Amino acid sequence: MAKIELPKKYKSLEVEEKWGKVWKDSGVYHYDPSASRENTYVVDTPPPTVSGSLHVGHVFSYTQTDVVVRYQRMLGKNIFYPMGWDDNGLPTERRVQGLFGIKCLPTLPYDENFKPEIVPQKKGKRIVQKEISRQNFLETCEMQTGEDEKKYEQLWRHLGLSIDWNQQYETINKHSQTVSQNSFLDLNSKGFVYSIDSPTMWDTTFQTAVAQAEVEERERQSAYHDIVIASESGEEFVISTTRPELLPACVAIVAHPDDERYQKFFGSSAITPLFKSKVPILPAEHADPEKGTGILMVCTFGDVHDLDFWKKGNVPLKQIIGRDGKLMDIAFGEGVFVSEEPSAANQVMSQLKGLYVKQARRKICELLSEVGALKGDSKPTQQFVKYYEKGDEPLEYISTRQWFIKILENKEPLLAQGRKVVWHPSHMIKRFEQWVEGLNQDWCVSRQRFFGVPFPIWYPLNGEGEPDYENPIFAKKETLPVDPLADCPPGYTSQQRNQPGGFIGDPDVMDTWATSSCTPQISSHWGIDEKRHNSLFPADLRPQAHEIIRTWAFYTITKAWMHEEKIPWENIAISGWVVNPDREKMSKSKGNTVTPEDLITQYSADALRYWASKARLGTDTIYDENVFKVGQRLSTKIFNASKFVMMQLSDDSETTKDLSWDLSSIKEPVDLVWVSRMNQLLINAKKLFSEYDYAVALSQIETSFWEFCDLYVELVKTRAYKQKESAAGLSALATLEWTLQNFLQLFAPVLPYITEEVWSWHYAEKNGEASIHTSSWPTPIELAKIEISATNNEADLIGLTKEIMNAVRGEKSKAQKNLRWPVETISVCGEKPNLEKLKLVEEDLIQSCSLKNSIEYQEGQKAEDGHFSITVTLAETND
RNA sequence: GGGCGGUUAGCUCAGUUGGUUAGAGCACCUGCCUUACAAGCAGGGGGUCACAAGUUCGACUCUUGUACCGCCCACCA
């Protein structure tokens, strides 16, 4: 081949920029809709939450998926690798509110002149939020997420993710809304949804219902307050409670049925202090005699036990906390709010109404104290309390009308579906199973928010203007997506909105998971393009993190089953986390993350990808810039080794001799043994990659590559350089060329830039394949017969050669000589077959060790730690 | 309280179905400008495989228990 000019140093930034542009223009990663399903590999890419910036954890997990995808592409698969942006939902609302200092007030009219402006953040200063209309708010959300998504795409491109950018979607766009609303209609038609007005977990800050999956428990400092309560008969007892503010909502007082202290009260009533409400004293199994004073209040609603108690139907519902988390204005003496002294009770209530829960707690303690109903001081305690995962105030149970999906009665089939999916690593299925088994609520899918997918529902209004929630009007599938607050239901006119006899639109939006649980169907255009859907669903792979198994994985499995009785994907790959050296999860809030852009600039994309690819699925990885450096070094080594091979393959400029060789030129025993080792590596690597074990594959490839550089190349370089025209020289050239191509292809999924760069020097033309990433995954080649068993694993020729070279290198190192220092004699003692093998590589050894004479062979005793006993004598002088 | 994973060199991690003397990279030490690479090369030191018991001719590997770390879930007036 003709000589090519190669740069002296590897400049990763320039190379990455060059290939990034080429890949963008060439469409090398595009999906081909005409390919068969069997020959297509479909990824259900996680749509990252669009919340300002991606961090190193994203780089980590998305790279792992890309490595798998690139391998599949080289197997010849047509790849469907889309990118979604999860811009729907509360994170966006919060971000936009903070950035622009705005707040949605749905009753305001649209202001077409409104322009959002970024509000400078000042420490300790609370920003006054300007109220704007729903439409203005939504437009601001879309504008902001659009900007973020452009930045994200840029990072992903630089990282080298082989995404088909034609397959992009946003979870808030019209298409996603159509699929999501269609999903709801389909679930409704199949009887999987219902709406009900009942107590639901409610976040008072965001003023929305939340689902079980979004709830987390946090430890919180709390305190017991001892309240003295009198029974009907005037006998007093003490209740120890952490929620004294719920006293006006007290519906009963309970103790354990076997608790002898309180048995005498069962069947009678107590009178609550301050409010003078008469409440029954009842036995209840959940009362623990060991805790507190053993007797407790049942309120609306302090905890899940209170809720259970209410559901049994023996006590009234006394809602005192409003949707905004403030105590409501309750009129005692009316309805369920009984009181022996209504005017006194109302006087107390007037001091509590409008207070937030925390304020009310303090106030009521004061008031109790004044009447002598508070005993002693409060006793601090640590308590676990349920919070909305994005919220800052504890959840309350508040009675509201919500839509639910029927999960509880379908646990068994859902577990069965989960087991049909192949989990990587396999133990992660336990997370799924345990979650499903432990579920105790149906999936609440309605949210009282704005930036989300609306329900495709209206409610008829009766003559009094009261909505008929039992008979909702569902949108027609052909009209999706609909906005019930802007569009009219079938058979009505817009004049009838909010009019008696007319209709109202459902003001709620769906849980963001209700949409993201449809990501495979959003990509496949389910319900819109059946042909495309059938060729993309179920997908092959869902990559995701383990903390959202209970949400994203579970809900996606649920939807796929409810819609089509299918699994959504054949495989699920669970990535680990990136953690700090002190084992904490790296996250933005910790303020300790470096931006991925900076890291790529500093270390190169390939280096970051190398780090991500070192971690096995499901395993957490320490953030360690040293590993980036190792990746950087590997790229440089590939560059240099490739440069060396290219130099050997180039025609000799002095003789201008045209050299030609092919795989059949590989005849030298040591070359054949090397090829045999490479064959084994190819077999191992393919198996490992196919089993999603890219990290182990990489480590084997890497080890072999360094051995190639430090051992094989050193051994044959003189032969390749000085004897090009001989059969022995051509054997070396053919082996070098073939080996390097294999290494490039093996590394290509992990290091797409450096491998593409080297590929372009020579292999692109040779193989007639412009990009290494669409070249075929390498396969083992047939070997010529080797005279003796030089490939015998027990002591293959390469291994034996290594022993000699190590002995010589050790001797030179010990004598503090350079590696070119001449060797006078090498004398080898060992078993005859091994000596015979060694003779096959003697010429290469003489050259690579700078040996002045032939090797002396002696049958006899070998050393304990090898196959030979070796004596090396260095020359006196270097000449 | 239930479940899952982990504990191997100073650090980060490999270690196949049990099989000689437990590996790698980083870090450390000693050398070497050697015409692919000093962003390199060669050599070297460093481990009671968390602990205990058991199975076995033989245990980092299998069983049981304990300790510690991490995560998931549940509960707590």
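Remember, predicted model here, so these are calculated numbers, not experimental data. A note on names: the letters A, B, ... follow the listed sequences, proteins ahead of strands, and every chain is numbered from 1.
Cys709(A) comes within 4.0 angstrom of a nucleotide base, judged by non-hydrogen atoms across all strands. Within the nucleic acid shown, Trp706(A) comes within 4.0 Å of sugar-phosphate atoms alone, with no base atom in reach, counting heavy atoms only. Using a 4.0 Å heavy-atom cutoff across all strands shown, Phe639(A) reaches no nucleic acid atom at all. When heavy atoms are screened at a 4.0 angstrom cut-off, Lys629(A) is found touching no nucleic acid atom at all. As judged by a 4.0 angstrom heavy-atom cut-off over every strand, Lys8(A) is placed among residues touching the sugar-phosphate backbone only. Using a 4.0 Å heavy-atom distance criterion, Glu714(A) is classed as a base contact. Lys637(A) comes within 4.0 angstrom of a nucleotide base, judged by non-hydrogen atoms across all strands. In this structure, Lys614(A) reaches neither bases nor backbone, as no heavy-atom distance under 4.0 Å exists between it and the strands shown.
Counting only heavy atoms from C-beta on, Asp710(A) has its side chain closest to C41(B) among C41(B), G70(B), A36(B). Considering only the side chain of Ala641(A), A36(B) comes nearest among C37(B), A36(B), U12(B). Set against A42(B), G70(B), C41(B), the side chain of Asp620(A) has G70(B) as its closest nucleotide.
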Sequence-aligned protein contact record of nucleotides 72-77 of chain B, with B where the base is within under 4.0 Å of a protein heavy atom and S where only the sugar-phosphate is
BSSBBB
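The gap from the P atom of C28(B) to that of G19(B) amounts to 35 Å, rounded to the nearest Å. Atom name C1', nucleotides A50(B) and U7(B): the rounded distance is 6 Å, in whole Å. Only the P atoms considered, U12(B) is 28 Å distant from U20(B), to the nearest whole Å. Comparing the P positions of U8(B) and C69(B) gives an interatomic distance of 14 Å, to the nearest angstrom. Comparing G15(B) with A9(B), their P atoms are spaced 15 Å from each other, to the whole Å. For C4(B) and C13(B), the P atoms lie 23 Å apart once the distance is rounded to whole Å.
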Working note: Glu625(A) + Tyr623(A), criterion side-chain hydrogen bond (donor to acceptor under 3.5 Å, both in side chains); need CA distance, chi angles, decisive distance, verdict.
CA-CA 7 Å; Glu625(A) 297 198 11; Tyr623(A) 175 82; 2.8 Å; yes
Apply side chain to side chain contact (heavy atoms under 4.5 Å, CB included) to residues Phe301(A) and Ile321(A) and explain how you reach the verdict.
CA-CA 9 Å; Phe301(A) 292 103; Ile321(A) 296 170; over 6 Å; no
Please list each protein N or O that sits under 3.5 Å from an N or O in nucleotides 22-33 of chain B, with the distance.
from	atom 1	to	atom 2	distance (Å)
C26(B)	OP1	Arg633(A)	NH1	3.1

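Around CD of Glu831(A), the count of heavy atoms belonging to other residues, nucleotides or ligands within 6.0 Å does not exceed 12.
For Ile622(A) and G10(B), the CD1 to P distance is 16 Å, given to the nearest whole Å. Protein atom CG of Asn806(A) is 5 Å distant from nucleotide atom P of G43(B), rounded to whole Å. Per the geometry, OH belonging to Tyr712(A) stands 19 Å off P belonging to C41(B), to the nearest Å. Here G43(B) presents its P atom at 12 Å from CD of Glu811(A), a figure rounded to the nearest Å.
The side-chain tip of Lys717(A) points at the ring of Phe644(A) from less than 6.0 angstrom away and within 45° of straight on.
Across all strands shown, G31(B) is found opposite C41(B) as a Watson-Crick or G-U wobble partner, with both distances under 3.5 Å. Under the Watson-Crick or G-U wobble criterion, with both distances below 3.5 Å, A24(B) is paired with U12(B).
For Phe60(A) and Trp611(A), the distance between ring centers is under 6.0 angstrom. Aromatic rings of Phe639(A) and Trp761(A) (six-membered ring for Trp) have centroids within the 6.0 Å cut-off, being under it.
Of the candidates Glu702(A), Lys629(A), Arg633(A), Gln632(A), Glu702(A) is the only one forming a side chain to side chain donor-acceptor pair (under 3.5 Å) with Tyr610(A).
For the pair Val750(A)/Tyr694(A), no side-chain contact is recorded, criterion being any heavy-atom separation below 4.5 Å from C-beta on.
Closest of all the heavy-atom pairs between Glu389(A) and Arg218(A) is O-NH2, 3.4 Å.
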Which side-chain N or O atoms in residues 428-438 of chain A pair as donor and acceptor under 3.5 Å with protein atoms at least two apart or in another chain?
from	atom 1	to	atom 2	distance (Å)
Arg431(A)	NH1	His546(A)	ND1	3.4
Glu433(A)	OE2	Arg419(A)	NE	2.8
Trp435(A)	NE1	Arg550(A)	O	3.3

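When each of Arg809(A) and Lys717(A) is assigned the nucleotide of RNA chain B with its nearest heavy atom, Lys717(A) is the one assigned upstream, toward the 5' end.
In this structure, Glu245(A) contributes its side chain and Ile364(A) its backbone to no donor-acceptor pair below 3.5 Å.
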